[in-house]
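Down below is the structure, laid out as structure tokens.
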Number of protein chains: 2
Amino acid sequence: MENIINHFEKYLPLNDEEKQALMSRVTERKIKRRQFLLQEGDVCKYFTYVQSGCFKMYGVDDKGVEHNLVFAAEDDWISDIGSLHKELPSKLFIEAIEPSVVLQISKGDLWYLYSNHPKFDRNFRVIMEDKYIELQNRLLQAFSSTALDRYDRFITQYPHLANRLPNTQIASYLGVTPEFLSKIKNDRFKK
Amino acid sequence: MENIINHFEKYLPLNDEEKQALMSRVTERKIKRRQFLLQEGDVCKYFTYVQSGCFKMYGVDDKGVEHNLVFAAEDDWISDIGSLHKELPSKLFIEAIEPSVVLQISKGDLWYLYSNHPKFDRNFRVIMEDKYIELQNRLLQAFSSTALDRYDRFITQYPHLANRLPNTQIASYLGVTPEFLSKIKNDRFKK
DNA sequence: CTTTACCCTTAAACTATATTAAGGGTATTT
DNA sequence: AAATACCCTTAATATAGTTTAAGGGTAAAG
């Protein structure tokens, strides 16, 4: 629980009352590798703080191929924000890549925190903004012409993930096959 | 000015005081074709409501190629939200594709509206959410395997834009060359 | 109303990436 | 500790998309 408090205090210090409110509205869950936080067709119910471990959020295309949109490791948030807010079925999956521990806040509890403790309003707004910016950068990166460029950007932007994720997952994030990523890495190394 | 009031009243009715506040905080500008609302390296200063006309927001890659991230036509919003909120230089351009009329709200006026008229707080939050969802769908679409798929999705999702934008702009949005888009359209027609 | 700038198309040659297949290696799970 | 499932690599063949070039058409600007 201390992690999430530290997380918020990066932006603004919390008083005891706020810490209390936060801790009472948050549910800790242990998640196994390959377990889902969200499956396509379900409505996303939680805003999830990753305390330890790692998740991927992805869509599956007509041919059954997975496309990783984002990763979230410790001290990050993950959620299908569209589905959570509009209460519409999600087109996405959120799945644990590693055994993980998360803290979840339901939409109702989120609203409770917003209306009773305005500081969270601001805090969650900043988180939302950060997520928006992350997505926009992701989109820009997705258009970087070559897969080699995209890979270079990925490892400079997420060095902690590059060493940790299987290449299959990185390939899916970059939008190439694992075979081609293998070739890219080999070519890169030779230079 | 009536357009923007109607726009907000789709979500929640506004009283006279709120309408007054909104209208006094908004600046109308006429924008010529090819004129910029934002250029790479500048900090984005405004949240822009498009009253008439059409804009594109795009990034330029190392090779000088433009990549359209989003379009915004009448009754839509456009802004580099990351740059606006963090006050950091943008990586993007926002440029008029058609002669346009916009209503702009500065960051300061936005904050004024938030704190003095809580209804706008909710209204702009919904707009933000919608923009986030749009971006997420865009990312999902960008990963649809073939360019033909992406084109099909584009014309079903934005039929009003498909007939209105030059194919060069649509090609840039889809992530293909205009020559290849031309081929796609030809192949599609033959079927 | 004329000129310029932009836009669309076609086609041939080229390149980045996918697909298929196969073998060996390394984690998880039982 | 064994078995299974997963992961990485290489290489040959296949394909989606790019590049270059060239011609004609249409809309914007002086």
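Only a predicted model underlies this, so the values are computations on that prediction, with no experimental measurement involved. Sequence lines set the chain letters: A, B, ... in the order given, protein chains first and strands last, and positions in each chain run from 1.
The side-chain tip of B:Lys183 does not point at the ring of B:Phe180 from less than 6.0 angstrom away and within 45° of straight on.
Not less than 6.0 angstrom separates the ring centroid of B:Tyr114 from the ring centroid of B:Phe120. Taking the six-membered ring where the residue is Trp, the centroids of A:Tyr173 and A:Phe71 are separated by under 6.0 Å.
Rounded to whole Å, the distance from NZ on A:Lys63 to C1' on C:dA18 is 10 Å. Atoms CD1 (B:Ile97) and C1' (D:dA28) sit 16 Å apart, rounded to a whole Å. We find that CD of B:Glu98 is positioned 13 Å from P of D:dA29, with the value rounded to whole Å. The CD atom of B:Gln169 sits 9 Å away from the P atom of C:dC8 (whole-angstrom rounding). Rounding to whole angstrom units, CD of residue B:Gln35 and C1' of D:dA28 are separated by 16 Å. The nearest whole Å value for the distance from the CZ atom in A:Phe180 to the C1' atom in D:dA14 is 14 Å. As rounded to whole Å, 9 Å separates atom P of C:dT30 from atom NZ of A:Lys32. As a whole-Å value, the separation of A:Leu165 CG from D:dC6 P is 17 Å.
Listed nucleotides: D:dC7, C:dT19, C:dC8. Nearest to the side chain of A:Thr168: D:dC7. Comparing D:dA21, C:dT20, C:dA18 against the side chain of A:Glu179 picks out C:dT20 as the nearest. The side chain of B:Ser182 approaches C:dT10 more closely than any other nucleotide in the set C:dA18, D:dA16, C:dT10. The nucleotide whose nearest atom lies closest to any side-chain atom of A:Thr146 is, among C:dT9, C:dT17, D:dA11, C:dT17.
Rounded to the nearest Å, the gap between the C1' atom of C:dA27 and that of D:dT10 is 22 Å. Across C:dC7 and D:dG30, the matching P atoms stand 16 Å from one another, rounded to whole Å.
At the phosphate of D:dT18, OP1 or OP2 sits under 4.0 Å from a side-chain N or O atom of B:Thr177. OP1 or OP2 of D:dC6 lies within a sub-4.0 Å distance of a side-chain N or O belonging to A:Arg34. In this structure, A:Asn167 reaches the D:dC8 phosphate: one of its side-chain N or O atoms is under 4.0 Å from OP1 or OP2. Contact annotation: A:Asn186 does not reach the phosphate of D:dT9 (side-chain N/O to OP1 or OP2, under 4.0 Å).
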Subject >> salt bridge (Lys or Arg N to Asp or Glu O under 4.0 Å) assessment of A:Lys45 paired with A:Asp80 >> reply: CA-CA 9 Å; A:Lys45 294 291 183 191; A:Asp80 180 353; over 6 Å; no
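Along DNA chain C, the nucleotide nearest B:Lys183 and the nucleotide nearest A:Arg33 are compared for position; the residue whose nucleotide lies closer to the 5' end is B:Lys183. Projected onto DNA chain D by closest heavy-atom contact, B:Ile184 and A:Leu181 fall at different nucleotides, the more 5' of which corresponds to A:Leu181.
With salt bridges taken as basic N to acidic carboxylate O contacts below 4.0 Å, none links A:Lys63 and B:Asp149.
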